[in-house]
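Heavy-atom basis, side chains included; hydrogens, waters and symmetry copies ignored.
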Amino acid sequence: MPNRSRPTPFDLATATLAHEERATFVHASERRYLLVFEGDSSLPVPLPPRGEIILGRSPEAGVHVHDAGASRSHAKIVLDEAEMMLVDLGSRNGTHLNGERIIGARPLRRGDVIAIGSTSIVVHRDGAATTSRVMLDEPQLRRRADEEIARLTRNPQILAVIALRIKGADAKRGRIEAALGRELRAIDVAAWGVSNELIVLVPDLDEEPEETARRLIAALTPSAQAHAGVAQYPSDGVDFDTLLSAARTAADSTPSGSPGTDRAGTVNVAGDTQVTRTFGDRTFVVVEPTMLRIYALLERLAKSGLPVLITGETGTGKENAAAAIHHGSDRARGPFVIINCAALPESLVESELFGHEKGSFSGATTTKTGLLEAATGGTVFLDEVGELPLATQAKLLRVLETQRLMRVGGLSERAVDVRFVAATNRDLVDEVREGRFRQDVLFRLGAATIVLPPLRDRRRELPVLARTLLGSACTRARRAPLVLAPLTMQKLLAHAFPGNVRELKNAMEYVAATAEGPVVEPWELPVLEERLSLAPAMTASPIESVLPPAPGAPSASRVVAAEASGPFRPLADEIRELEKKRIVEALAASGGVQARAAELIGMPIRTLFGKMKLYGISSRGGAEARSS
């Protein structure tokens with residue numbers, strides 16, 4: 001039974017924004033929301049494009065914080081189309097931003113963490129992949145970073161963001177800025193960030209970024225003690241907010257071998273801050289601050305025995321989260337039974353779940369033990385639980401409440417000992433409202449609720465996941481490791497990934513099977529290239545994404561219908577056919593000039609030669625280009 005002293009999964013959802021404000025948020029040009037970690041739950045709170053949101057213990061607060069140490073009106077977030085500001089409202093116990101107690105107003109960026117007592121609130125917002133002499137203010141630094149990133153899309157170079165944490169910097173800013181000015185180049189710039197933090201932007205590096213950071217620390221040492229975190233474009237991100245968040249995360253990491261929290265003189269690289277977690281036979285790589293907190297919450301929930309409801313889009317890793325709960329619990333030695341509720345035939349769903357007695361219906365020639373009974377001593381993962389018929393939900397409620405079930409055709413109940421973890425990509429609150437899901441079942445399954453953000457909201461994690469998945473795919477394909485070129489990483493980060501981690505995994509499997517050289521170039525991602533015009537944009541809801549088709553493109557429903565109606569073919573065959581067609585068209589358009597044809601389709605001339613030979617394509621008679 002759920003703990004009634006704990007916030008229910010609906011407290012925050014019903015106390016956040018009025019209906020009109022939600023509607024405004026959905027149509028905003030930039031998607032912004034908060035992910036609130038409180039008790040056993042993580043819940044998203046959407047934000048409007050403008051106005052104020054109160055954070056506090058008052059039931060009327062926009063974000064209702066249940067912590068007893070919170071003031072009724074503890075803090076507020078002030079929003080307009082361009083900025084988000086956090087303001088403490090004279091709270092008794094203070095408002096903390098990224099570990100620092102704030103005074104007055106502070107700007108909010110993607111990945112910032114607001115702490116009010118034991119409640120953590122992570123800021124999510126779309127960051128444009130677009131944002132003198134040494135010292136700038138932070139808005140100027142942000143604009144300069146955007147300009148550098150825009151330039152690097154045409155001329156790939158290394159760009160580093162260095163977060164310097166300087167002890168007692170407030171009293172020594174003049175000396176620190178003077179020392180920095182002597183060390184930085186004319187094209188390097190810096191700005192003060194949060195308390196005791198100096199953000200340095202270093203473009204066009206001709207040395208490793210960590211060496212630059214060490215030189216800066218050495219230059220500051222006579223005046224102050226410092227340590228640093230370093231992030232690099234494009235491997236750690238392709239927009240300033242992501243790079244700054246990665247650098248800050250690295251700066252806050254304690255390097256292995258360092259005693260306690262003594263970080264003076266240390267430099268941590270963002271690429272080295274990933275956390276690898278192993279649960280059973282599954283290994284997860286976690287980097288994004290939100291995901292680190294989610295997996296820490298999963299570890300706590302694993303030991304609690306509470307039923308857990310995991311929500312999120314298809315492909316976000318709900319099954320992995322369920323596995324983490326099972327393998328982190330005292331049931332780890334028991335079975336982990338995965339039940340795809342959407343795949344159960346409606347006529348047999350009760351027999352599959354609860355079992356049946358011999359002769360209970362036509363075809364029941366033997367007694368069958370149901371999946372729930374078979375999972376005794378372990379964990380049952382109900383994937384796509386929203387697909388269960390209402391009649392089955394009623395029987396499931398009995399098991400949830402009493403840990404007893406009755407087989408189909410049985411005369412007495414049987415005891416079971418299972419823990420339930422459920423997952424869905426549906427909004428079960430809406431399903432309850434529409435009469436398709438039982439509220440009492442939702443209350444019992446959702447004693448603790450976890451929301452997994454989509455991959456497009458985990459930009460810090462995407463490059464790491466891409467490299468990790470590609471490495472695993474290369475191992476399975478028995479080929480040497482591949483490297484993703486900077487522009488290839490940029491293509492990946494620009495893609496919305498409606499299929500989330502599963503789609504990224506499939507893309508890396510394809511690359512491992514088809515890439516020709518050791519470096520993966522952008523044109524070797526045809527699966528993503530062909531989807532970009534139809535992929536969902538980064539829209540308002542953290543759960544849903546929809547984009548109208550590009551002008552002249554078929555609607556998404558027509559595409560699905562066309563694919564479903566015809567015979568299926570291997571995807572690789574269709575891709576080769578399209579590639580061959582485009583090469584022939586480019587040769588025709590270029591009058592048979594192969595260098596020009598390669599330029600038209602963005603393919604290296606040597607690759608074009610190889611593809612022409614592979615597909616038997618020849619170019620003759622000037623504009624004539626035909627395939628043999």
Side-chain angles (χ1 to χ4, degrees), residues 1-16 33-46 63-64 66 119 293-295 297-314 316-326 328-329 331 338-342 353 372 379-390 392-403 418-453 541-544:
M1 295 290 291
N3 181 354
R4 295 299 182 188
S5 65
R6 186 188 57 76
T8 72
F10 314 107
D11 288 342
L12 290 171
T14 56
T16 52
Y33 67 94
L34 307 175
L35 195 57
V36 181
F37 290 81
E38 189 170 61
D40 298 326
S41 298
S42 65
L43 296 167
V45 178
V63 175
H64 185 190
H66 293 76
T119 299
R293 283 173 170 79
I294 283 175
Y295 272 94
L297 178 56
L298 289 173
E299 289 181 2
R300 296 198 300 275
L301 288 173
K303 303 182 189 316
S304 71
L306 288 169
V308 180
L309 177 64
I310 306 169
T311 67
E313 293 179 6
T314 298
T316 50
K318 297 187 288 294
E319 185 178 317
N320 285 341
I325 293 172
H326 171 71
S329 73
R331 296 175 176 268
I338 301 171
I339 303 173
N340 185 345
C341 300
L353 290 178
L372 300 185
T379 304
V380 171
F381 174 48
L382 297 172
D383 197 11
E384 304 298 346
V385 70
E387 306 296 331
L388 283 177
L390 285 169
T392 306
Q393 293 176 34
K395 290 193 173 184
L396 179 63
L397 179 64
R398 176 72 176 162
V399 184
L400 287 165
E401 289 181 331
T402 67
Q403 290 281 296
V418 296
R419 182 193 189 166
F420 285 93
V421 179
T424 181
N425 59 8
R426 294 190 177 192
D427 185 336
L428 292 187
V429 178
D430 283 346
E431 295 295 296
V432 169
R433 191 178 298 119
E434 296 296 327
R436 293 188 293 264
F437 202 83
R438 293 179 60 108
Q439 188 174 47
D440 45 10
V441 174
L442 176 56
F443 280 138
R444 284 159 180 80
L445 285 176
T449 303
I450 297 292
V451 180
L452 295 182
S541 166
I543 303 299
E544 299 175 354

Do [X] and [Y] come within less than 4.5 Å of each other through their side chains, counting heavy atoms only?
X    : Y    : answer
E401 : D440 : no
L396 : L388 : yes
T379 : I325 : no
L372 : V418 : no
F443 : V432 : no

Could you tell me whether the side chain of [X] and the main chain of [Y] form a donor-acceptor pair under 3.5 Å?
X    : Y    : answer
K318 : G312 : yes
R419 : L306 : yes
T449 : S41  : no

Once rounded to the nearest 0.5 Å, what's the spacing between atom [atom1] of [X] and atom [atom2] of [Y]?
X    : Y    : atom1 : atom2 : value
S42  : I294 : OG    : CD1   : 5.0 Å
D427 : T311 : CG    : OG1   : 8.5 Å
L428 : Q439 : CG    : CD    : 11.5 Å
L301 : Y295 : CG    : OH    : 13.0 Å
L397 : T392 : CG    : OG1   : 12.5 Å

- Task: List in chain and number order the residues that pass side-chain contact (heavy atoms from CB on, under 4.5 Å) with L390, two or more places apart in sequence or in another chain; answer none if no residue qualifies.
- Result: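 Scan of L390 (side-chain contact (heavy atoms from CB on, under 4.5 Å), adjacent residues dropped) gives Q393, R438.
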- Task: With sequence neighbours excluded, tell me which residues meet side-chain contact (heavy atoms from CB on, under 4.5 Å) with A321.
- Result: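 Partners of A321 by the side-chain contact (heavy atoms from CB on, under 4.5 Å) criterion, ordered by chain and then number, come out as L298, I310, L452.
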So which heavy atom on [X] is nearest to which on [Y], and how close?
X    : Y    : answer
A302 : A324 : CB-O, 4.3 Å
Y33  : P453 : OH-CB, 4.1 Å
E387 : A342 : CG-CB, 3.7 Å
V429 : L442 : N-CD2, 4.3 Å
V421 : A322 : CG1-CB, 3.8 Å
L35  : P44  : CD1-N, 3.6 Å

Who pairs with [X] by salt bridge (Lys or Arg N to Asp or Glu O under 4.0 Å), at least two apart in sequence or on another chain?
X    : result
R293 : none
R433 : D430
E431 : R426, R436

- What do the steps show when you test E384 against N340 for side-chain contact (heavy atoms from CB on, under 4.5 Å), and what is the final call? CA-CA 6 Å; E384 304 298 346; N340 185 345; 4.0 Å; yes
- Item | By side chain to side chain donor-acceptor pair (under 3.5 Å) - contacts of R398 (at least two apart) | E413
